[in-house]
Structures are given as structure tokens and as C-alpha cells.
Amino acid sequence: MAKTGEIAAFALGEKKTAMVNLPVQFVTSNTADMKGQKYSDLVDYANNSEKTDDLNNESMNDLIDLKEQFSKPGYANRNSAVTETHPIFGRDKLNYDNHDISLLRKDLDEAQKNGNNIHELAFSIRGDWLVKNNLYDPETRMIDQNKLKHAEQEVAKTLINKGFNLPLGEDENDVVWFGVIHQDTDHLNMHLWFAKKSQETRPEMLKQEGKYKGQPIGVIPLEVIEQAKRQFRKQLMSSQELKRHQEILKGVGGFKKEIVEAAPENLLNDRHAKAIKKIYDALPQYMRGRWQVGNAHLTAGKGKMAKANELTNQLLDDLFEKELKHEYEGFKSLAQEYDVINIEDQGVMHKGQRKWSENKEDELRKRLANQLYKHLTQIEDTSLNDIDQQMSKLLSNVKKSDNGSITEKTKIASSPEEKKLAPKPLLKNVNPNSKHVGDQMPVRGVSFNKISRLWRQDIRAETNAERRFLTHQKKVAQERAQEEYESQISRGQ
């Protein structure tokens, strides 16, 4: 980041940097004491008038509804607007007054005196992203600071409550935190500082060994930091951008669902029988019941399943090139479109870093492979010697059908009883009354259509489980939002 010498003169047209960065650091009380530093001095740094400006705070959207103003803590009303003169904000206010600043300094000194760390995070936000999400007007240099502050208020809750083994504070009032928006560099920077006030005595929150044994834990796990970045971006996205993201993800999920549901019928047929026979032969029989791709990719070329995985990957290539070409191309195209969004959000990818679309395709191929392996376990060991013979007969039947020797089609059953008795062969042009059903690989006395039926049952069960989970999550989110709203009303906010 470079100093601009101006307020809100953010760089535009950048392509290689992430839209939202989140550097994280912490300082121990011992280090600060040794250097003669005071946590409360950070208030002066945050409040620097050369870095801040409250006069360019304006919503880029329509005026917020009056009812929403009363329901959102921190929106200035006539009483608060007179006294809240500082750009610093906290849990309940978007602008602190002199009394708030005095209490803030006192709480920070208490946290340092009790030996606690001070944590700092800084959201560095690119000008292009601010413009795209209606948060910044480069012509007027107006910024929707209220919306930015509300987003950081929510992120602060996540970091304070989920960034450590236990919530940082032993109660709601045991944590001091504050934030500020600085506008004097080519990116907008939102700083956030927080610390526990009372002395830390909980074993789960203290280092248990090494040089710093007995001192408070300072490192926040990377996954929590990434979660905070995602949460921050999502809260600040414009409705148009959010809809764009959701439509792409929904499209990817839709194509994936179509592929998974269509796989059994399109894989377990005469065209792929020979390839599946090769896959079965390559599977290590002593691992029967434990055939899985595992943590490796299908193309990793390592491990006891390497040969089977390689052949399965080739089979899926063929499937995606022929029967499921439309669905696969749609899946891949939308997934790659989401790669573009990720690069816009996170910057140019590093060497060796995998794209989102590559991970999603690996997940899809692995899922299909594991489903195939699971259902191939139904082939009985005693029938291994018959497989080559059955495959030969199968191919012979296919060849005859090509020359016009088509077996008479099975008549439609006229009663429910006949429907139950009349098998529906998955392979074309096969007499259902033959000794080996469909002359296919014998699978406990039946054919591929049993594997296909069981496979489809598994898919339906998975789909129903996913639907129940999403319904439950939606219900929980609604209940939580209602509880928060009622809590705000009860506090008179």
C-alpha cells in the first residue's frame, strides 16, 4: 500500500491484488511493557485526522428505511449525532463520543495490566471492489462507512468468539474492542483491535509448554481468519454481485446433480461393459469392501488403487465426452466462471495453488468413482472365472444386433403381477429369460440393472439427506435472526 497524501483517493484498475486482504498480528503485554508502549496509545493512532474523515460518509444506495434505522444499533439519531464526533466505532456505536473514548482507554490499560495480548486485524480493501459493490464513488469520494462498520461489527463477533479454544471473553463485557476506517492510502483500510480485559486463568486459553508457557494464546487459526474474510465480503456485496455469485453456484450444483443422477444409467450399459470389466480386474481383491479413491486424486498414480483409479478416470472422460457431454460442459463452464470471481476476490493465484473449478471437478469424479467401486463389490468372488465368458457373449450379442439380429422386445406387462415378474434389462437387445440375465457380469445372480437400481437408491438417499440438512440450517438461521431482533428490541435499540 502506498500513501496518497489525500483522503479516499483509492487506486482503480488493479488486476493482480486481492480485493480484500486481512493481515493479522498480536502483541503481548510483556513486549509492549518492555518497549514502553501502552495499548491505549492505539486510540491516538486510530483517531488520526490525517487518516480519517467522517464528512464523506454516505450510503451509495437509497436512504435506509426508518424502521431499519431504529432496529440497527449505531445508526446516528438526532441525540447521538450531536455528541458522537470520533471516527472510532465499537460494539454498539458507529461513532464514539469523548466519554466513550475515555472508557476505551481505561479498558485497554486494564487489559495490558492484566497481561493480555492485544490483537490487530486490518481489512485492506481494493478500490475496484468498493466501486463494484456500491461502497465508494470515486468522483465524489464518498464512502458508505456505516455499511463497512456494520460488517466489521459482525466479523468482530466471529473472531472474538471463535478465534480461540474458548470465547475470548468470559462474558460479553470482558472484551474491549474498537475499529476505525483509514483512507490515506491507495486501498481503504479497516483496522480492528481487541483484547481480553480480566486476567486469563483458563487452561484452554494459556500456552501449556515451551518458552511462553502460562501466557495467553495469541495465534488465531487460519481457517477462522478465512471465515472472517468470507463473512466480511458476503456482508458487503451488493445485491447484484451476491445474486451473480448465487446463480453461478446454483448452476454448478444443478449440473453436478444431473451428472450424479444420470451416471448409473449411462455407465452401466453395453457400451461401457468392457471398460468396467477392466476396472474390476484392476481392483485389489484383498481390499474388497474397502475400495475407495481415498485422499488422492484419480490421476495421482499412487497407491494400491492407482490402476483402477486411472481406468475409472478414463471411463469418466469417455462418459463426459459422449453421453453426458452437455451436462459436463455446463458444469465446467460455470465452475471456471467462478474461478474468475475468486481471482477478482483473492488476487492472482500462486504457483501450485489449485483453482476452485479443479477442486470441484476432482470432487465430482471422486464421488462417481467411489459409487462405482461400492456397487462393484456386489460381484461374487465365485463368478470371477465366468466374467470373461460373459463379456464375450455380451459382445457377441452386441455384434449380432449391429447386423440386424435383434431379439424380440419384451412385451409390456398387462397386470401388476406381471410387472413385478417382468425384468427390465438395462442392456439393449437382450433376452430377459436367458440363463445369465443380459449375459452381463454376474452380480449375485442378476445384472447391471440391480447395481444401477441400488446406485440410484443411494443417490436419492443422499439428495434427501442434503435437503433435510439445508432445511434445518435455514430454520436455525431464521430462529437466530428472530432472537437477535427481539434482543435488540428488548434493549431499546
Side-chain angles (χ1 to χ4, degrees), residues 247-280 282-283 291-293 296-300 305 307-339 354-376 378 391 394-395 398 401-402 424-430 438 440-441 443 447-467:
E247 286 180 347
I248 293 176
L249 292 174
K250 185 178 180 180
V252 171
F255 279 120
K256 177 183 177 182
K257 184 173 182 288
E258 289 182 31
I259 292 170
V260 169
E261 290 180 349
E265 182 178 355
N266 287 281
L267 274 177
L268 300 173
N269 57 37
D270 51 348
R271 195 174 83 80
H272 296 299
K274 188 173 182 180
I276 292 177
K277 161 66 170 59
K278 289 182 179 179
I279 292 170
Y280 183 85
L283 289 167
W291 292 335
Q292 289 279 330
V293 177
H297 305 303
L298 276 175
T299 56
M305 295 285 293
K307 184 61 178 177
N309 288 344
E310 180 186 355
L311 293 171
T312 301
N313 196 58
Q314 293 172 4
L315 173 64
L316 293 176
D317 284 341
D318 189 26
L319 179 72
F320 294 153
E321 179 65 28
K322 303 288 194 314
E323 292 94 337
L324 299 182
K325 182 176 181 178
H326 169 73
E327 293 83 353
Y328 174 69
E329 288 183 347
F331 171 85
K332 195 165 185 176
S333 175
L334 285 178
Q336 289 173 345
E337 193 172 335
Y338 204 74
D339 285 339
R354 292 179 61 80
K355 295 180 180 178
W356 187 85
S357 62
E358 293 171 340
N359 289 331
K360 287 300 170 185
E361 178 162 354
D362 283 343
E363 290 174 12
L364 174 62
R365 287 176 179 263
K366 187 179 292 189
R367 179 173 179 176
L368 294 174
N370 284 336
Q371 286 177 331
L372 177 62
Y373 295 159
K374 174 183 176 181
H375 294 289
L376 285 180
Q378 295 169 82
M391 292 300 302
L394 182 144
L395 295 175
V398 173
S401 68
D402 290 339
K424 182 182 178 182
L426 188 62
L427 294 183
K428 300 176 182 178
N429 311 320
V430 176
Q440 301 166 48
M441 295 160 62
V443 185
S447 62
F448 272 169
N449 70 324
K450 179 177 180 180
I451 296 181
S452 180
R453 176 170 54 81
L454 294 174
W455 192 339
R456 286 194 293 266
Q457 286 177 358
D458 281 355
I459 291 171
R460 284 195 295 272
E462 289 178 8
T463 301
N464 290 335
E466 289 175 358
R467 187 178 294 115

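Being a predicted model, the structure only gives us computed values, none of them experimental.
Taking each heavy atom of A369 and T312 in turn, the nearest pair found is CB-CG2, 3.7 Å. Taking every heavy atom of both residues into account, M305 and Y373 meet most closely at CE-CE1, 3.5 Å. Residues V260 and L368 approach most closely at CA-CD2, 4.1 Å, considering heavy atoms. Among all heavy-atom pairs drawn from E321 and K325, the shortest one is O-CD, 3.5 Å. Closest approach of I279 and A308 over heavy atoms only: O-CB, 4.3 Å.
The shortest distance between side-chain heavy atoms of H272 and L315 falls below 4.5 Å. Side-chain atoms of L316 and L364, non-hydrogen and from C-beta on, never get closer than 4.5 Å to each other. Residues L372 and W291 are not in side-chain contact: their nearest non-hydrogen atoms beyond the backbone lie 4.5 Å or more apart. Contact annotation: the side chain of I276 never approaches that of L311 to less than 4.5 Å [non-hydrogen atoms, C-beta and beyond].
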Requested in this report: For D339 and Q336, run side chain to side chain contact (heavy atoms under 4.5 Å, CB included): C-alpha distance rounded to whole Å, both residues' side-chain angles, the deciding distance at 0.1 Å, then the answer.
Outcome: CA-CA 5 Å; D339 285 339; Q336 289 173 345; 4.2 Å; yes
Report task. Please assess K360 against E363 for the test side chain to side chain contact (heavy atoms under 4.5 Å, CB included), listing each intermediate value before the final yes or no. Result -> CA-CA 5 Å; K360 287 300 170 185; E363 290 174 12; 3.4 Å; yes
Requested in this report: Go through L334 and F255 one step at a time and tell me if the side chain to side chain contact (heavy atoms under 4.5 Å, CB included) criterion holds.
Outcome: CA-CA 9 Å; L334 285 178; F255 279 120; 3.8 Å; yes
**Report entry** Verdict with reasoning, R271 to E323, per salt bridge (charged side-chain N to carboxylate O under 4.0 Å, His left out)
**Finding:** CA-CA 11 Å; R271 195 174 83 80; E323 292 94 337; 2.9 Å; yes
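Atoms CZ and CD1, from R367 and I259 in turn, are 11.0 Å apart once rounded to the nearest 0.5 Å. Atom CD of E361 and atom NZ of K256 lie 12.0 Å apart (nearest 0.5 Å).
K355 has no carboxylate O lying under 4.0 Å from a charged side-chain N of E358, or vice versa, which leaves the two without a salt bridge.
Shown are V293, N309, N370, D317; of these, the side chain to side chain contact (heavy atoms under 4.5 Å, CB included) with R365 is made only by D317.
For T299, the side-chain contact (heavy atoms from CB on, under 4.5 Å) criterion is met by H297, N313, not counting sequence neighbours. Take Y328 and apply the ring pair (Phe, Tyr, Trp, His ring centres under 6.0 Å) test, not counting sequence neighbours, and it matches F320.
Crowding of K322 atom NZ: a count of heavy atoms from other residues, nucleotides or ligands under 6.0 Å exceeding 12.
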